[in-house]
Number of protein chains: 2
Amino acid sequence: MPANKSARETPRLSEAEWEVIKPLWKHGPMAARDIYKDIPDKFGWAYKTVKTMLARLVKKGAVTYDQIGNSYLYRPVYSREEMTRSATGTFIQRVFDGAWSPLLAHFVEHVNREELEVLKRELARLEKKEPKNRGE
Amino acid sequence: MPANKSARETPRLSEAEWEVIKPLWKHGPMAARDIYKDIPDKFGWAYKTVKTMLARLVKKGAVTYDQIGNSYLYRPVYSREEMTRSATGTFIQRVFDGAWSPLLAHFVEHVNREELEVLKRELARLEKKEPKNRGE
DNA sequence: TGACATCGCCTACAAATGTAGGCTATAATC
DNA sequence: GATTATAGCCTACATTTGTAGGCGATGTCA
């Protein structure tokens with residue numbers, strides 16, 4: 001069976017690393033200084049801290065860069081979609097042993113109306129094509 | 001105003017700690033040796049490793065114990081429900097900035113039929129009482 | 001009543017993570 | 001051209017996590 005095209009192995013990020021890569025997904029390629037500025041103040045990180053995170057993200061292969069003059073323009077290697085997908089899988093496995101039910105229960109207790117609409121749409125879409133012995 | 005009973009602050013667990021506390025939720029109070037036996041072989045941990053995790057869980061206040069003779073019967077301080085609830089909140093915040101949509105998208109791509117039924121039931125239940133002064 | 005098997009307690013040690021600082025080269029400014 | 005603000009590179013250091021081991025006390029079995 002051919003490899004699933006969407007199944008690239010993504011690096012695992014620490015919490016702080018997630019905060020540093022988010023601006024890159026939001027704005028595209030950025031200089032370290034701009035990433036720094038884009039990170040919410042509530043984290044209270046020094047610029048140097050952000051730089052350290054960027055270095056680690058590069059080392060992990062989650063971020064790469066192009067050199068422009070004497071500085072770098074950083075950009076993500078994986079889409080946010082890819083990264084969140086695998087992080088979610090890992091999380092679900094760790095916390096729920098792979099079972100979604102508790103997460104769903106949590107969900108229905110906390111969603112707002114808008115999110116609920118999204119979900120209903122997704123469900124409708126799913127029902128329609130219904131397909132598929134998914135879950136083997 | 002009385003404290004909200006469901007809002008206890010729970011300790012944060014590492015991945016390995018999650019695996020060690022799970023048997024306690026599943027079976028109730030257990031001796032370290034039994035917890036050790038209940039942890040899936042795939043982790044390949046030594047008994048001593050499990051003991052270390054238990055000590056850390058106790059130190060974090062996630063687990064406590066009653067002494068029986070010269071050994072301990074460990075038990076969880078928080079319900080699995082409580083722990084998963086807060087872990088989920090933290091995760092959602094970290095990875096999705098608090099937005100559920102990407103998680104839902106992930107969900108509809110991966111659930112199996114059974115989980116889907118659970119969700120539909122939950123939704124029905126939600127619709128019924130509908131109202132919505134939820135979120136205080 | 002010894003000899004083991006276990007118990008819990010304390011210690012160890014590398015890797016990952018959080019949180020920067022110092023140093024040198026270069027770019028921009030007067 | 002000299003000064004200064006930045007850039008990237010390398011280093012630092014405490015804490016958390018993964019992964020146990022050693023040791024003395026106690027329970028267990030012959």
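Each chain gets a letter, A, B and so on, in the order the sequences are listed, and its residues count up from 1.
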Colleague: Output the distance between atom NZ (B/Lys37) and atom OH (B/Tyr47), rounded to the nearest 0.5 Å.
Modeller: 9.5 Å
Colleague: Using a cut-off of strictly less than 4.0 Å between a heavy atom of the residue and any atom of DNA chain C, enumerate the qualifying residues of residues 19-35 of chain A by number.
Modeller: none
Colleague: Rounded to the nearest 0.5 Å, what's the gap from NZ on A/Lys51 to OH on A/Tyr72? Could you check?
Modeller: 8.0 Å
Colleague: Just verifying a value: how many Å separate B/Thr88 OG1 and A/Ile92 CD1, rounded to the nearest 0.5 Å?
Modeller: 7.0 Å
Colleague: Nearest whole Å is fine: how far is C/dG21 P from A/Trp45 CH2?
Modeller: 15 Å
Colleague: Rounded to the Å, how far apart are B/Phe43 CZ and D/dG18 C1'?
Modeller: 13 Å
Colleague: Is the shortest side-chain N/O distance from A/Tyr47 to OP1 or OP2 of C/dG21 below 4.0 Å?
Modeller: no
Colleague: In residues 16-32 of chain A, what donor-acceptor pairs under 3.5 Å come from side-chain atoms, sequence neighbours left out?
Modeller:
unit_1, atom_1, unit_2, atom_2, d
A/Glu17, OE1, A/Ser14, N, 2.7
A/Glu17, OE1, A/Ser14, OG, 3.4
A/Glu17, OE1, A/Lys60, NZ, 2.6
A/Glu17, OE2, A/Lys60, NZ, 3.3
A/Glu19, OE1, A/Lys22, NZ, 3.4
A/Glu19, OE2, A/Lys22, NZ, 3.0
A/Lys22, NZ, B/Arg94, O, 2.7
A/Lys22, NZ, B/Asp97, OD1, 2.7
A/Trp25, NE1, A/Tyr78, O, 2.9
A/Lys26, NZ, A/Asp38, OD2, 3.2
A/His27, NE2, A/Asp38, OD1, 3.1
A/His27, NE2, A/Asp38, OD2, 3.3

Colleague: Provide, to the nearest angstrom, the distance between the CG atom belonging to A/Leu57 and the P atom belonging to C/dG18.
Modeller: 11 Å
Colleague: For B/Gln67 and D/dA25, what is the distance between atoms CD and P respectively, to the nearest whole Å?
Modeller: 16 Å
Colleague: How does protein contact run along nucleotides 10-17 of chain D, one letter per nucleotide 5' to 3', with B for base contact, S for sugar-phosphate only, - for none, heavy atoms under 4.0 Å?
Modeller: -------B
Colleague: Do B/Arg80 and B/Met83 touch side chain to side chain, with heavy atoms closer than 4.5 Å?
Modeller: no
Colleague: Run the salt bridge (Lys or Arg N to Asp or Glu O under 4.0 Å) test against B/Asp41 and tell me which residues pass, sequence neighbours left out.
Modeller: none
Colleague: Below the 4.0 Å mark, does C/dC7 have OP1 or OP2 next to a side-chain nitrogen or oxygen of B/Lys51?
Modeller: no
Colleague: Would you mind reading off the distance between B/Ile68 atom CD1 and D/dG27 atom C1', rounded to a whole angstrom?
Modeller: 15 Å
Colleague: Could you report the tightest heavy-atom contact between B/Thr84 and A/Val95, atom names first, then the distance?
Modeller: CG2-CG1, 3.5 Å
Colleague: For a quick check of understanding: with a heavy-atom distance under 4.0 Å over all strands, which category does B/Thr49 fall into, base, sugar-phosphate or nothing?
Modeller: base
Colleague: For the pair made of OH in B/Tyr72 and P in C/dT6, what is the distance, rounded to whole Å?
Modeller: 19 Å
Colleague: In whole angstroms, how far is the C1' atom of D/dA20 from the CD1 atom of B/Ile39?
Modeller: 14 Å
Colleague: Under the criterion side chain to side chain contact (heavy atoms under 4.5 Å, CB included), I'd like the reasoning laid out for A/Arg85 against A/Glu82: C-alpha separation, chi angles, the key distance, then a yes or no.
Modeller: CA-CA 5 Å; A/Arg85 182 179 296 273; A/Glu82 284 176 292; 5.7 Å; no
Colleague: With A/Ser86, which residues qualify under side chain to side chain donor-acceptor pair (under 3.5 Å), at least two apart?
Modeller: A/Thr10
Colleague: For B/Leu54 and D/dA20, what is the distance between atoms CG and P respectively, to the nearest whole Å?
Modeller: 15 Å
Colleague: Please round to the nearest 0.5 Å and tell me the distance separating atom CG of A/Leu57 and atom OG1 of A/Thr52.
Modeller: 11.0 Å
Colleague: Please verify the inter-ring angle class for B/Phe91 with B/Phe96; under 30° counts as parallel, over 60° as perpendicular, anything in between as tilted.
Modeller: perpendicular
Colleague: Sugar-phosphate means primed atoms, P, OP1 and OP2; the rest is base. With that split, encode nucleotides 22-30 of chain C 5' to 3' as B, S or - using protein heavy atoms under 4.0 Å.
Modeller: BB--SS---
